[in-house]
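Written below as structure tokens is the structure these notes are about.
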2 protein chains.
Amino acid sequence: MEDKKRLKLIKEVLASPRNQKEEVMALQDAIYVIGGKWKLPIINSICNGNKRFRDIERSIPGITTRMLSKDLKEMEANQLVKRTVLPTSPVTVEYTATDYCRSFGDIILEMIKWGKQHRERVIRTPAKS
Amino acid sequence: MEDKKRLKLIKEVLASPRNQKEEVMALQDAIYVIGGKWKLPIINSICNGNKRFRDIERSIPGITTRMLSKDLKEMEANQLVKRTVLPTSPVTVEYTATDYCRSFGDIILEMIKWGKQHRERVIRTPAKS
DNA sequence: GTAACCAGTATAACGAAGTATACCAGTATG
DNA sequence: CATACTGGTATACTTCGTTATACTGGTTAC
């Protein structure tokens, strides 16, 4: 049984070229960063000029405080947004997109293009065999 | 001048209030189609030349038979992959990427690029600046 | 003084996504 | 005859994203 496992492992290792694993990891990183239901709408909202927590919240129908808070934290950790506390009389918090976030522009553009084509295609194609 | 055009387009896409809703929908469509942990690695594997079920499975470390089977079915339904049964003596099954799927190539490449940069960046930067 | 705004946190629960493990029929190999 | 390959399916379980609801401490306005 040990031999069996070992042989299987050897086969696995031999079957995958070296950099493939790295590419899969990179892909999954990117998926993780923009994955989930709300991150892209949040990016979109912030890039659209919304800076305050409640403004962003109100601009995205259906989102809860908890999800917005959680995603903003993750995105801050991933350096996609910058959180700034302003020393106004009731402290206000500003969220802004980083240049790094905007470096996602190419991907977002491609995905928008693709998503639109896909929608058209799926609507036009009822079933296929 | 290419960059200028691109930047202008990005700005339009990210900042235009009118098409915002449609674009977020398109984005979420794209995320839905390629979402989850394994779909992009699967596309990548098939585009890398793997055709057989077990070959694809072995090329993606960590994936289970169940997830591969499930995702391949969804991707077939979304016309991203074509499944062909060959009348060989033990029947073999071939999975191939559709042209439609290959139209995703640019996005995958961009995401791999971005993911690699991101990993480097997050590893190198303990706190933000 | 109480109502409403701000920027969130706390707690619990739900359901989908993903994991683990075993198993199937059919075919070839030793 | 046993083993291992093929392309998967079945069942049970766990994890995690998401939702729902309530609450906090501080501040301004009525």
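To find a chain, count down the sequence lines: A is the first, B the second, and so on, and within it residues start at 1. Fair warning: this is a prediction, and the values are worked out from it, not measured in the lab.
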Yes or no on salt bridge (Lys or Arg N to Asp or Glu O under 4.0 Å) for A:E110 and A:K113, after CA distance, side-chain angles and deciding distance?
-> CA-CA 5 Å; A:E110 290 286 342; A:K113 214 173 70 186; 3.7 Å; yes

Phosphate OP1/OP2 of D:dT6: any B:R58 side-chain N/O under 4.0 Å | yes

With B:Y95 as reference, evaluate B:E76, B:K82, B:K51, B:R83 under the side chain to side chain donor-acceptor pair (under 3.5 Å) test and give the passing residue.
-> B:R83

Nearest-Å distance for atom pair CD/C1', residues B:E94 and D:dT6 | 14 Å

Nearest atoms (heavy-atom pairs only) where B:L80 meets B:C101 = O-CB, 2.9 Å

Face-on cation placement of A:K39 at A:Y32 ring, 6.0 Å and 45° thresholds = yes

When rounded to whole Å, the CG to C1' distance for the pair A:L40 and D:dG17 reads 16 Å

Could I get a table of every N or O pair under 3.5 Å where one atom is in the protein and the other is in nucleotides 26-29 of chain C?
from   : atom 1 : to    : atom 2 : distance (Å)
C:dA28 : OP1    : B:S89 : OG     : 2.7

Does OP1 or OP2 of D:dT9 have a side-chain N or O of B:T65 closer than 4.0 Å?
-> no

Take the angle between the ring planes of B:F104 and A:W114 and call it parallel below 30°, perpendicular above 60°, tilted in between.
-> perpendicular

Under-4.0 Å side-chain N/O to phosphate OP1/OP2 contact, B:R52 with D:dG8 | no

Between D:dG17 (C1') and A:L68 (CG): distance, integer Å | 15 Å

With respect to A:D29, which candidate in B:Q117, B:K116, B:R119, B:H118 satisfies the side chain to side chain donor-acceptor pair (under 3.5 Å) definition?
-> B:R119

Can you tell which of A:I63, A:N48, A:L68 makes a side-chain contact (heavy atoms from CB on, under 4.5 Å) with A:I56?
-> A:L68

Please tabulate, one pair per line, each protein N/O and nucleotide N/O from nucleotides 15-19 of chain C that are separated by under 3.5 Å, including the distance.
from   : atom 1 : to    : atom 2 : distance (Å)
C:dG18 : OP1    : B:K37 : N      : 2.8
C:dT19 : OP1    : B:K37 : NZ     : 3.2
C:dT19 : OP2    : B:W38 : NE1    : 3.2
C:dT19 : O4     : B:R66 : NE     : 3.0

Tell me: CZ of A:F53 to C1' of D:dG25, nearest whole Å?
-> 16 Å

Main-chain N/O of B:N50 paired to B:S45 side chain as donor or acceptor, under 3.5 Å = no

